[in-house]
Amino acid sequence: MNGAMPSCQILAAQMRRNYPATSEFFVRFGDCTLAVAANRSDVIESLKAYYDPFLTSLQDAVVRLNICEAPAPAFPLSYTVKPPDPAKNKVKEEYIELADGRIVRKCLTGMVFVFGNGDNVAVGPCLENINQVVNFINNRYIEWMLCKGCLLGHAAGVILNGKGLAVAGFSGAGKSTLALHLMNAGGIFVSNDRLMIERTAAGLMMHGVAKMPRINPGTALNNPHLMRIMSLEEQARFSELTEEELWELEYKYDAPITDCYGPDRFTLTAPMQRLVLLNWKRGEDPLKIAPVNPMHLRDLLPAFMKPAGLFFRPHGDCAMPDPTEETYIDFLSCCDVWEFHGGVDFRAATSKCLEL
């Protein structure tokens with residue numbers, strides 16, 4: 001390849017030729033079947049284990065991906081750096097816009113993702129960075145859902161007693177932790193950190209992402225269903241830390257829903273009757289809850305709104321609504337919204353969610 005800008009189609013075809021697929025599998029997310037092919041059986045087996053609850057024999061794929069285990073590619077092209085997110089200072093991604101797609105490179109791992117107009121290829125040390133491959137696969141589904149008319153929300157989702165509850169909050173508020181406490185109370189998991197919300201004649205629907213929750217040691221220690229993901233040595237070591245020290249830890253675990261809670265406890269689609277916005281702080285104050293009119297959500301709405309990001313590159317007939325505050329308010333007017341404020345109290349919050 002010379003320094004001229006390639007097309008996404010040509011670049012993706014070249015990667016598929018260089019690293020031809022040896023096998024594939026299919027996953028079903030809601031109404032969307034994805035075919036995932038790879039050039040290495042160990043990559044396939046790792047991804048199949050991750051997506052086990054969603055494997056399907058259906059082969060009517062609407063999205064196809066190639067995962068190419070290879071040395072990190074060094075394309076002789078000029079990337080644009082994506083600025084860090086607010087309150088962050090580390091550059092994680094850079095990208096190149098193509099006429100028919102986009103290239104995204106992960107700065108720390110060298111993984112490269114090429115996508116656009118139906119071509120979806122991941123190239124690099126995939127097995128070492130399987131979580132980035134999972135995110136790429138999930139982002140293809142998110143793009144497909146947004147182009148069908150959904151909005152993207154920064155929220156967890158759980159079904160309680162047949163009713164769908166979304167949990168949103170600013171970063172670090174404890175969305176995943178509360179969702180997993182609700183799982184202890186018999187909930188069914190829908191999503192950890194992203195929800196696509198769809199407005200229908202029957203009301204709001206929420207669509208989750210097949211992503212295992214990423215939890216910190218404190219969450220695992222205080223949840224009997226999750227302690228099993230930690231070794232006995234880790235349980236002893238982390239138990240010696242204070243609550244403040246546990247809260248500040250950057251260490252994360254994957255929490256496989258099926259392993260921790262059993263089969264049939266993870267689904268990706270549910271009605272969305274409630275939205276809980278966590279606006280609490282650590283302290284001695286008791287938890288308080290109050291209903292919120294969606295028209296008065298201006299201060300809290302950014303906790304739920306989520307930009308689609310670099311891995312969203314819509315095609316020409318994409319039907320995603322304009323993601324303005326007004327559009328989000330219009331969608332959320334179809335469900336009940338509650339603000340949880342005061343002090344952080346997951347036990348009390350679980351009880352309140354069950355009451356709602």
Side-chain angles (χ1 to χ4, degrees), residues 83-89 142 146 149-158 160 163-182 190-199 203-209 213-214 216 219 247-248 271-309 312 320-356:
D85 294 332
K88 305 288 185 180
N89 53 25
I142 291 174
L146 296 184
C150 293
L151 284 175
L152 184 60
H154 190 194
V158 179
L160 291 170
K163 296 186 180 295
L165 173 76
V167 182
F170 292 104
S171 181
K175 299 183 293 294
S176 299
T177 300
L178 179 55
L180 292 169
H181 276 278
L182 295 173
V190 177
S191 198
N192 173 53
D193 194 51
R194 301 283 190 278
L195 281 177
M196 288 76 72
I197 57 172
E198 177 185 15
R199 188 169 185 176
L204 278 190
M205 297 294 294
M206 60 180 182
H207 304 277
V209 178
R214 299 275 291 169
N216 59 37
T219 297
W247 191 276
E248 298 297 331
M272 180 174 155
Q273 283 99 349
R274 307 279 187 275
L275 169 64
V276 165
L277 288 162
L278 301 180
N279 190 30
W280 54 12
K281 295 180 180 179
R282 283 178 293 157
E284 301 299 324
D285 293 337
L287 174 69
K288 301 175 184 177
I289 74 170
V292 181
N293 185 328
M295 293 296 295
H296 303 153
L297 271 178
R298 300 291 177 177
D299 291 341
L300 295 176
L301 199 59
F304 183 75
M305 296 174 67
K306 184 68 180 177
F312 177 63
M320 178 183 173
D322 190 13
T324 63
E325 285 190 357
E326 286 69 26
T327 308
Y328 276 89
I329 289 171
D330 185 47
F331 272 52
L332 294 178
S333 66
C334 299
C335 74
D336 295 332
V337 182
W338 292 78
E339 179 186 1
F340 283 33
H341 58 107
V344 174
D345 188 334
F346 290 106
R347 189 184 300 274
T350 301
S351 297
K352 293 296 184 183
C353 288
L354 290 168
E355 290 175 16
L356 292 180

Provide the closest heavy-atom pair for [X] versus [Y] in the form atom of the first, atom of the second, distance.
{"X": "A173", "Y": "L278", "answer": "O-CD1, 3.9 Å"}
{"X": "P294", "Y": "S333", "answer": "CG-CA, 3.9 Å"}
{"X": "A349", "Y": "L178", "answer": "CB-CD1, 3.8 Å"}
{"X": "L332", "Y": "L301", "answer": "CD1-CD1, 3.9 Å"}
{"X": "F170", "Y": "L300", "answer": "CZ-O, 4.5 Å"}
{"X": "A168", "Y": "F304", "answer": "CB-CD1, 3.8 Å"}

Could you go through L356 and V276, starting from their C-alpha distance and side-chain angles, then the distance that decides it, and tell me whether this counts as side-chain contact (heavy atoms from CB on, under 4.5 Å)? CA-CA 10 Å; L356 292 180; V276 165; 4.2 Å; yes
Counting C-beta onward and ignoring hydrogens, is there a side-chain heavy-atom pair between [X] and [Y] closer than 4.5 Å?
{"X": "L297", "Y": "Y328", "result": "no"}
{"X": "V209", "Y": "M196", "result": "yes"}
{"X": "L151", "Y": "P321", "result": "yes"}
{"X": "H154", "Y": "M305", "result": "no"}
{"X": "V337", "Y": "L277", "result": "yes"}
{"X": "L204", "Y": "R199", "result": "yes"}
{"X": "M272", "Y": "V190", "result": "no"}

Practice item. Please test N216 against T219 for side-chain hydrogen bond (donor to acceptor under 3.5 Å, both in side chains), starting from the C-alpha separation and ending with a verdict. Key: CA-CA 6 Å; N216 59 37; T219 297; 3.0 Å; yes
Going through the distances and angles, do D285 and H341 end up as a side-chain contact (heavy atoms from CB on, under 4.5 Å)? CA-CA 9 Å; D285 293 337; H341 58 107; over 6 Å; no
To the nearest 0.5 Å, how far apart are [atom1] in [X] and [atom2] in [Y]?
{"X": "R214", "Y": "D193", "atom1": "CZ", "atom2": "CG", "result": "11.5 Å"}
{"X": "M205", "Y": "C334", "atom1": "CE", "atom2": "SG", "result": "12.5 Å"}
{"X": "H207", "Y": "L146", "atom1": "NE2", "atom2": "CG", "result": "10.5 Å"}
{"X": "D330", "Y": "M295", "atom1": "CG", "atom2": "CE", "result": "9.5 Å"}
{"X": "I289", "Y": "N279", "atom1": "CD1", "atom2": "CG", "result": "13.5 Å"}

Hey, mind stepping through M206 and L165 against side-chain contact (heavy atoms from CB on, under 4.5 Å) and telling me if it holds?
CA-CA 9 Å; M206 60 180 182; L165 173 76; 5.7 Å; no
Practice item. Show your working on salt bridge (charged side-chain N to carboxylate O under 4.0 Å, His left out) between E339 and R274 and close with a plain yes or no. Key: CA-CA 11 Å; E339 179 186 1; R274 307 279 187 275; over 6 Å; no
Check: C150 main-chain N/O paired with E198 side-chain donor or acceptor under 3.5 Å
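No, E198 side chain to C150 backbone: no donor-acceptor pair under 3.5 Å.
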Does anything in residues 275-299 form a ring pair (Phe, Tyr, Trp, His ring centres under 6.0 Å)? List the pairs, not counting sequence neighbours.
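Checked against ring pair (Phe, Tyr, Trp, His ring centres under 6.0 Å) - neighbours excluded - the pairs reaching residues 275-299 are W280-F346.
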Output, in order, the C-alpha distance, side-chain angles, deciding distance and verdict of side-chain contact (heavy atoms from CB on, under 4.5 Å) for C353 and W338. CA-CA 10 Å; C353 288; W338 292 78; over 6 Å; no
Worksheet item: Considering residues, nucleotides and ligands other than D299, do more than 12 of their heavy atoms fall under 6.0 Å from its CG?
Response: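 12 or below, so no.
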Quick check on R347: does its CZ atom have over 12 non-hydrogen neighbours (other residues, nucleotides or ligands) under 6.0 Å away?
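No, the 6.0 Å shell around CZ holds no more than 12 heavy atoms from other groups.
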